[in-house]
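Single-structure report; data block below.
Source: prediction; values computed, not measured. Only heavy atoms go into these numbers, but all of them, side chains included; no hydrogens, no water, no symmetry mates. Nothing fancy with the numbering, it's 1 onward along the sequence.
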Amino acid sequence: MQRSLRPHPGTHRRRLRTRVARARVHLRRLYHGHRPNALRFQVAVLIVDLVIIAFFIASPVLREMPTFLVIDYSVAAILGLDIAARCFAAREPLRWLRQPFVLLDLVILATLLFPNELVNFGFLRIVRLWSISQSGALWRPLRRWGHPEWETPGRAIVNLMTFLFLATGFIYTTFFRYGSGLEGYIDAFYFTVASVTTTGYGDITLPGTWGKLTSIVIMIIGISLFVRLAQAVFRPYKVMFPCPDCGLQRHDVDAVHCKACGHMLKIRDDGVH
């Protein structure tokens, strides 16, 4: 009696699981690895992210174009594929989906999929610039190229720019959007910059009580971000090196002892500074 040459169904399932596991590992290495092919992949993803953010900044003006929905849905498809790929590569997908940055990306994706219904929340898209900065994707190339000292002022600039365009989008959507087009968006940006810098020309003001409250919030947060940017640019550069004794994170480049507890430090010197 001859045995059947057809493989057992369990063999197909095991092979499929093996292929899926290998694909997940390969994708994880592309997103988080340090080999040349992974670095090229990460740079490409970063460039796509920056192009998408440029679209987010310009979207209030581009909404009048006949091809806006085509571009909008194309960006939604790219963002959706990126989220799906990251989720597939994660070791714990459900836990990964609960992270704040991922939830923010899902909200942004919803605004892209329903641009007319969620138009009032479109200004939240610019927060993706801040989330990319916080994830470290913007700063890894600087570290590899030997310029880690640019990261702190770079983060401060990104935080300020994110707030400027976030506030501009909110003001435009709430106070200037209807029938104003490009001129209304420029007015919203002009008002935001004038408020953040406390210039206060007074030629453009926000109407009503909500307009006054919005102006107050913009001025308070904007001044804080400007002070933070000035500190990051003009104060001496410090390295991130947690003290093993007291946990102090930032130290001078040539520090030998922790200034908080006196513990001897061993900060690596690559000869860059």
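- Without hydrogens or angle criteria, Thr173 side chain to Phe170 main chain gives no donor-acceptor distance under 3.5 Å.
- Arg29 CZ: 12 or fewer foreign heavy atoms inside a 6.0 Å radius.
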Show me the donor-acceptor pairs, under 3.5 Å and distance only, between side chains in residues 67-84 and residues at least two apart or in other chains.
from, atom 1, to, atom 2, distance (Å)
Asp72, OD2, Arg125, NH2, 3.4
Ser74, OG, Val70, O, 2.7
Asp82, OD1, Tyr31, OH, 2.9
Asp82, OD1, Arg86, NE, 3.3
Asp82, OD2, Arg86, NE, 3.1

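- Contact between Ile218 and Thr192 at its shortest, heavy atoms only, is CG2-O, 4.2 Å.
- Atom CD1 in Ile157 sits 11.5 Å away from atom OG1 in Thr162 (nearest 0.5 Å).
- By the 4.5 Å heavy-atom criterion applied to side chains, Asp203 and Tyr190 are counted as neighbours.
- If you take OG on Ser59 and CD1 on Ile53, they are separated by 12.0 Å, rounding to the nearest 0.5 Å.
- Nearest heavy-atom pair, Trp130 versus Val158, reported as atom, atom and distance to 0.1 Å: CA-CG1, 4.5 Å.
- Thr197 OG1 to Ile223 CD1: the interatomic distance, rounded to the nearest 0.5 Å, is 9.0 Å.
- Connection of Leu124 to Leu103 is established within a shared hydrophobic cluster, with ILVMFWY side chains joined at heavy-atom distances below 4.5 Å, either directly or through further cluster members.
- The minimum heavy-atom distance linking Leu30 with Phe41 is given by the pair O-CD2, 3.4 Å.
- Once rounded to the nearest 0.5 Å, the distance linking CG of Leu106 with SG of Cys87 reads 9.0 Å.
- Sorted by first then second residue, the side chain to side chain donor-acceptor pair (under 3.5 Å) pairs that include residues 36-54, not counting sequence neighbours, are Asp49-Arg128.
- Under the 4.5 Å side-chain heavy-atom criterion for Ile, Leu, Val, Met, Phe, Trp and Tyr, Ile132 and Leu39 are members of distinct hydrophobic clusters.
- Residues Phe165 and Ile204 share a hydrophobic cluster, clusters being chains of Ile/Leu/Val/Met/Phe/Trp/Tyr side chains in contact below 4.5 Å.
- Annotation for Pro207 and Phe175: closest pair CD-CD2, 3.8 Å, computed over non-hydrogen atoms.
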Can Thr168 and Ile57 be said to form a side-chain contact (heavy atoms from CB on, under 4.5 Å), step by step?
-> CA-CA 9 Å; Thr168 298; Ile57 293 174; over 6 Å; no

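- Residues Thr174 and Thr214 fail the side-chain proximity criterion, which asks for heavy atoms closer than 4.5 Å.
- When hydrophobic clusters are built by joining Ile, Leu, Val, Met, Phe, Trp and Tyr residues whose side-chain heavy atoms come closer than 4.5 Å, directly or via intermediates, Val127 is grouped together with Val48.
- Nearest heavy-atom pair across Phe191 and Thr205 is CE1-CA, 4.2 Å.
- Looking at Phe163 and Val196, their side chains come closer than 4.5 Å, going by heavy atoms from C-beta outward.
- Distance CD1/Ile221 to CG/Asn159: 12.0 Å, rounded to 0.5 Å.
- For the pair Met161 and Leu164, the minimum side-chain heavy-atom distance is below 4.5 Å.
- Atom CD1 of Ile171 sits about 10.5 Å away from atom OH of Tyr185, to the nearest 0.5 Å.
- The hydrophobic cluster containing Val217 does not contain Leu213, counting ILVMFWY residues as joined when their side-chain heavy atoms lie under 4.5 angstrom apart, directly or transitively.
- The minimum heavy-atom distance linking Ala194 with Tyr201 is given by the pair CB-CD1, 4.4 Å.
- Looking at Ile47 and Leu50, their side chains never come closer than 4.5 Å, going by heavy atoms from C-beta outward.
- Open room surrounds CZ on Phe114; 12 or fewer heavy atoms of other groups in view lie less than 6.0 Å from it.
- Two residues are said to be in side-chain contact when any heavy atoms from C-beta on lie closer than 4.5 Å; Leu129 and Leu166 fail this criterion.
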